[in-house]
Amino acid sequence: MKRDWMVAAGQEPGPGWKVTIAVAGIAAVASIVAALIASRSARSVKKAELDAQRIRDLEASISEKKYETYKPMINLLKDMLDRREIGEDVFRASVSEFATWVTIYGSDEAVGAFHNFMQAAYASPPPVVLMRLYADFVIAARRDIGYPDTRVTRQQFLGMRINDIYAHRIFSDIDKPFADLCRDANWSPPWLQRPNA
């Protein structure tokens, strides 16, 4: 009966109608596969966006915690430079609190710079060495809090606190290698000394 209908319509039955159906079927399958791939890609993009947002939120939280960690110590050191009266108990408590948290939240560079500053402070360093180590610590904190590519020099930083920094020869060499600065000041860092056996 089907053959009679096709002959009546002037079409001879042959393999052409099967090809047409096969091509239509392939197109339908391709459309379904493309829709599935697009759906999966959209979900992957959404997941990546959510993961990126979680990372941004975590970085912001850590950055805030770092700021809270550094701020009291930076202020304490600023007050000391401004020659404000700071009680020994307040100083010790502030340093102890900071030392506890900087080891958790601080970068390796900041922890090392604070260590060097404190060890030098206990060993009667020349003022130029102590100022150098103070600048090293604050610049390391600056990098850690959010300016990893900072180009601020020690002279620029200290120049905000010392009004005649460029008039004193001792500060003209503040950016030279630390070993050279110590040698010129005739001072040996305690962390480089060997204990007596």
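The two atoms that bring Ala185 and Val129 nearest to each other are CB-CG2, 4.1 Å, heavy atoms only. Contact detail for Ala110 and Tyr70: the closest heavy-atom pair is CB-OH, 2.9 Å. The nearest pair of heavy atoms linking Val128 to Leu181 is CG2-CD1, 4.1 Å. Across every non-hydrogen atom of Val102 and Val111, the tightest pair is O-CG2, 3.4 Å. The shortest heavy-atom contact between Ala140 and Ala113 is CB-CB, 4.1 Å. Here the closest heavy-atom approach between residue Thr153 and residue Gln156 is recorded as N-OE1, 2.9 Å.
Checking side-chain atoms of Ser44 against main-chain N and O of Arg40 turns up a donor-acceptor pair under 3.5 Å. Gln155 places a side-chain N or O within 3.5 Å of a backbone atom of Phe171 that can act as its donor or acceptor partner. Between the side chain of Thr103 and the backbone N or O of Thr100 there is at least one donor-acceptor pair closer than 3.5 Å.
Every pair passing salt bridge (Lys or Arg N to Asp or Glu O under 4.0 Å) that includes a residue from residues 117-137 is listed here, sequence neighbours excluded: Arg132-Asp136, Asp136-Arg154. Pairs passing the side-chain hydrogen bond (donor to acceptor under 3.5 Å, both in side chains) check and including a residue from residues 106-128, sequence neighbours excluded, read Glu109-Arg143. Contacts classified as salt bridge (Lys or Arg N to Asp or Glu O under 4.0 Å) and involving residues 165-174 (residues at least two apart or in different chains) are given here: Arg169-Asp173, Asp173-Lys176.
Side-chain contact between Leu76 and Val95 is present, with heavy atoms from C-beta onward closer than 4.5 Å.
Qualifying ring pair (Phe, Tyr, Trp, His ring centres under 6.0 Å) partners for Phe157, counting only residues two or more places apart in sequence or in other chains: Tyr134. The salt bridge (charged side-chain N to carboxylate O under 4.0 Å, His left out) check on Arg43 picks up nothing, with sequence neighbours excluded. Contacts of Phe137 classified as ring pair (Phe, Tyr, Trp, His ring centres under 6.0 Å), with partners at least two apart in sequence or in another chain: Phe98, Phe114. The side-chain contact (heavy atoms from CB on, under 4.5 Å) check on Leu192 picks up Pro189, with sequence neighbours excluded. The salt bridge (charged side-chain N to carboxylate O under 4.0 Å, His left out) check on Asp51 picks up Lys47, Arg54, with sequence neighbours excluded. In this structure, the side-chain contact (heavy atoms from CB on, under 4.5 Å) partners of Val29, at least two apart in sequence or on a different chain, are Val33. Residues passing the side-chain contact (heavy atoms from CB on, under 4.5 Å) test with Ser188, sequence neighbours excluded: Gln193.
No continuous path of hydrophobic side-chain contacts links Met160 to Tyr147 [ILVMFWY only; heavy atoms under 4.5 Å].
Atoms CZ and CG, on Arg183 and Asp180 in that order, are 4.5 Å from each other to the nearest 0.5 Å. Distance check: Ile74 CD1 to Thr69 OG1 gives 11.0 Å after rounding to the nearest 0.5 Å.
Relative to the six-membered ring of Trp101, Lys65 meets both conditions, a distance below 6.0 Å and an angle of at most 45° to the axis.
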Enumerate, atom names and distances included, each donor-acceptor pair closer than 3.5 Å involving a side-chain atom of residues 80-91, sequence neighbours excluded.
unit_1	atom_1	unit_2	atom_2	d
Asp82	OD1	Arg161	NH2	2.5
Asp82	OD2	Arg161	NH2	3.3
Arg84	NH1	Asp79	OD1	2.8
Glu88	OE2	Arg92	NE	2.9
Glu88	OE2	Arg92	NH2	2.9

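In the displayed structure, Lys78 atom NZ is contacted under 6.0 Å by more than 12 heavy atoms of other residues, nucleotides or ligands. Enclosure of atom CZ in Phe178 by more than 12 non-hydrogen atoms of other residues, nucleotides or ligands within 6.0 angstrom is indicated. The environment of Tyr166 atom OH is dense: over 12 non-hydrogen atoms of other residues, nucleotides or ligands sit within 6.0 angstrom.
The other members of the hydrophobic cluster of Ile32, by chain and number, are Leu36 (side-chain heavy atoms under 4.5 Å, ILVMFWY only).
Using modelled atom types and a 3.5 Å distance limit, the side chains of Asp144 and Tyr105 yield no donor-acceptor pair.
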